[in-house]
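One is the number of the first residue; the rest follow in order along the sequence.
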Amino acid sequence: MKKRWEQVSRSCSNTTWKKVRINQFNRKLALLVFIASIILTACTAESGGSNQAEQENDQKAEESTENNKDKNAGVTKKEKPSSQSNEAVHAESAQVARVVDGDTIKVTVNGKEETVRMLLVDTPETKHPSKPVQPFGPEASSFAKNKLSGKQVELEYDGPKYDKYERLLAYVWVDGKMFNQLLLEEGLARLAYVYDPPYTHFKEYMKAQNRAKTAEMGIWSKDGYVRDEGFYYQNKSVSNGSSSSSEKNTADSACSGLLYDPNGPDRDCSDFDTQQQAQDFFEAAGGPANDPHRLDGNDNDGKVCETLP
């Protein structure tokens with residue numbers, strides 16, 4: 001009986017010890033699981049923060065790149081002006097109706113008659129109301145009539161389209177050549193009226209003028225004739241203290257209000273701006289009985305240059 005009790009006691013003791021050991025193991029395991037979960041949570045939080053930081057950095061980098069693109073785009077716009085500011089030059093076709101003088105013509109453009117004052121050139125006067133006919137003025141007019149009369153031309157604009165007198169300001173192209181430049185090359189005009197630079201053809205014009213000047217062509221053949229303000233010429237031919245007859249005739253025509261001396265060089269209708277100017281000149285020259293300048297045409301009705309305004 002005693003042995004039996006000892007066996008039961010030992011068995012209970014072993015069972016109790018096993019339970020204690022199991023409880024201790026379970027507590028240790030729970031502690032390990034708890035620690036592991038804490039470590040895992042910390043790692044997850046750190047990884048999430050790192051990823052968020054990386055995402056924020058990537059977003060900032062993208063924003064910085066976009067900003068740099070915008071800034072570069074802005075610089076490009078400032079350094080490269082728009083085509084509208086640089087390409088204001090355009091051209092249109094016109095029909096020459098009449099040559100007024102070396103640097104002025106009448107044209108029909110878009111069904112309307114316009115006066116064209118050629119850009120950057122100035123020829124000697126032939127029709128100025130208060131100035132006599134200047135040397136090489138008639139030559140410039142004849143050159144213009146020969147090259148432009150009745151021709152189809154292109155008008156190229158460069159800056160303001162009209163001047164204060166409502167005249168078109170243009171380069172005149174005829175047969176593929178720029179007539180303004182031809183005047184300079186022939187020594188029939190000076191480079192002038194540079195009011196609104198830069199001009200597209202200014203350098204070409206300067207070179208053309210310099211060539212004519214070096215060769216002493218036309219207006220450059222007279223010392224001191226070409227000046228910054230225009231042309232200066234005084235006829236100094238004097239005989240016995242009196243003016244020459246041509247000077248007297250010029251003075252007489254000026255006093256009578258005529259543009260030209262009726263006894264001077266031959267004139268045609270293109271030399272006048274209005275029909276009344278031509279009519280007055282015609283009558284002063286002896287018309288209608290005499291018509292030395294042949295202004296009355298073939299109808300002989302006593303009314304000249306009837307196509308003029």
Side-chain angles (χ1 to χ4, degrees), residues 86-92 94 96 98-107 114-128 130-149 151 153-165 167-235 265 270-271:
N86 276 348
E87 297 181 3
V89 177
H90 64 282
E92 57 185 347
V96 177
R98 183 165 64 91
V99 174
V100 177
D101 57 23
D103 54 31
T104 308
I105 59 175
K106 299 275 189 179
V107 301
E114 300 265 18
T115 300
V116 177
R117 180 64 174 80
M118 298 178 198
L119 268 173
L120 300 186
V121 293
D122 179 34
T123 59
E125 297 291 349
T126 58
K127 297 185 176 182
H128 197 282
S130 61
K131 295 180 181 179
V133 175
Q134 296 174 325
F136 297 101
E139 288 85 345
S141 295
S142 296
F143 184 74
K145 291 174 184 177
N146 182 50
K147 294 289 186 180
L148 301 175
S149 292
K151 291 291 189 70
V153 297
E154 292 291 321
L155 304 178
E156 178 185 346
Y157 306 114
D158 191 5
K161 190 174 181 180
Y162 288 91
D163 65 7
K164 63 181 180 180
Y165 303 109
R167 299 178 299 183
L168 288 172
L169 301 174
Y171 306 113
V172 178
W173 290 83
V174 59
D175 298 330
K177 296 180 179 180
M178 195 158 25
F179 183 76
N180 311 45
Q181 186 171 340
L182 293 179
L183 285 171
L184 294 168
E185 290 176 346
E186 295 293 326
L188 296 175
R190 67 185 185 99
L191 182 57
Y193 308 125
V194 186
Y195 293 141
D196 191 31
Y199 286 97
T200 305
H201 303 294
F202 179 80
K203 291 183 179 179
E204 302 164 59
Y205 283 15
M206 180 61 75
K207 291 178 181 178
Q209 175 174 276
N210 288 341
R211 288 193 295 268
K213 188 174 182 180
T214 300
E216 296 184 349
M217 297 176 63
I219 60 176
W220 304 104
S221 63
K222 292 182 176 292
D223 291 337
Y225 179 48
V226 182
R227 301 190 178 185
D228 290 339
E229 65 275 12
F231 302 96
Y232 176 80
Y233 178 72
Q234 185 175 3
N235 191 343
S270 65
D271 290 315

**OP:** Over 60° means perpendicular and under 30° means parallel, so classify the ring planes of F179 and F143, tilted if in between.
**Re:** parallel

**OP:** With sequence neighbours left out, write down each residue that passes salt bridge (Lys or Arg N to Asp or Glu O under 4.0 Å) with K161, or none if nothing qualifies.
**Re:** E92

Listed pairs under 3.5 Å, donor-acceptor, residues 100-107 side chains, sequence neighbours left out:
residue : atom : partner : partner atom : Å
D101    : OD1  : D103    : N            : 3.2
D101    : OD1  : T104    : N            : 3.0
D101    : OD1  : T104    : OG1          : 3.3
D103    : OD2  : R117    : NH2          : 3.3
D103    : OD2  : T123    : N            : 2.9
D103    : OD2  : T123    : OG1          : 3.1
K106    : NZ   : T115    : OG1          : 2.9

Subject >> Check: W220 main-chain N/O paired with R190 side-chain donor or acceptor under 3.5 Å >> reply: no

Original post:
Do you know which of E186, E204, E216, E185 makes salt bridge (charged side-chain N to carboxylate O under 4.0 Å, His left out) with R211?
Top reply: E185

Original post:
Parallel, tilted or perpendicular: which describes the rings of Y225 and F231, with under 30° parallel and over 60° perpendicular?
Top reply: tilted

Subject >> Parallel, tilted or perpendicular: rings of Y205 and H201 (30°, 60°) >> reply: parallel

Original post:
Are the side chain of N180 and the backbone of L119 linked by a donor-acceptor contact shorter than 3.5 Å?
Top reply: yes

Original post:
Where do K222 and P135 come nearest, in terms of heavy atoms and distance?
Top reply: CE-CB, 3.9 Å

Original post:
What are the two closest heavy atoms between V121 and A189, and how far apart are they?
Top reply: CB-CB, 4.2 Å

Original post:
Do the non-hydrogen side-chain atoms of L155 and E114 ever get within less than 4.5 Å of each other?
Top reply: no

Original post:
So, does N146 use its side chain to make a donor-acceptor pair with the main chain of S142 at under 3.5 Å?
Top reply: no

Original post:
So, for F136 and L188, which heavy atoms are closest and what is the spacing to 0.1 Å?
Top reply: O-CD2, 4.4 Å

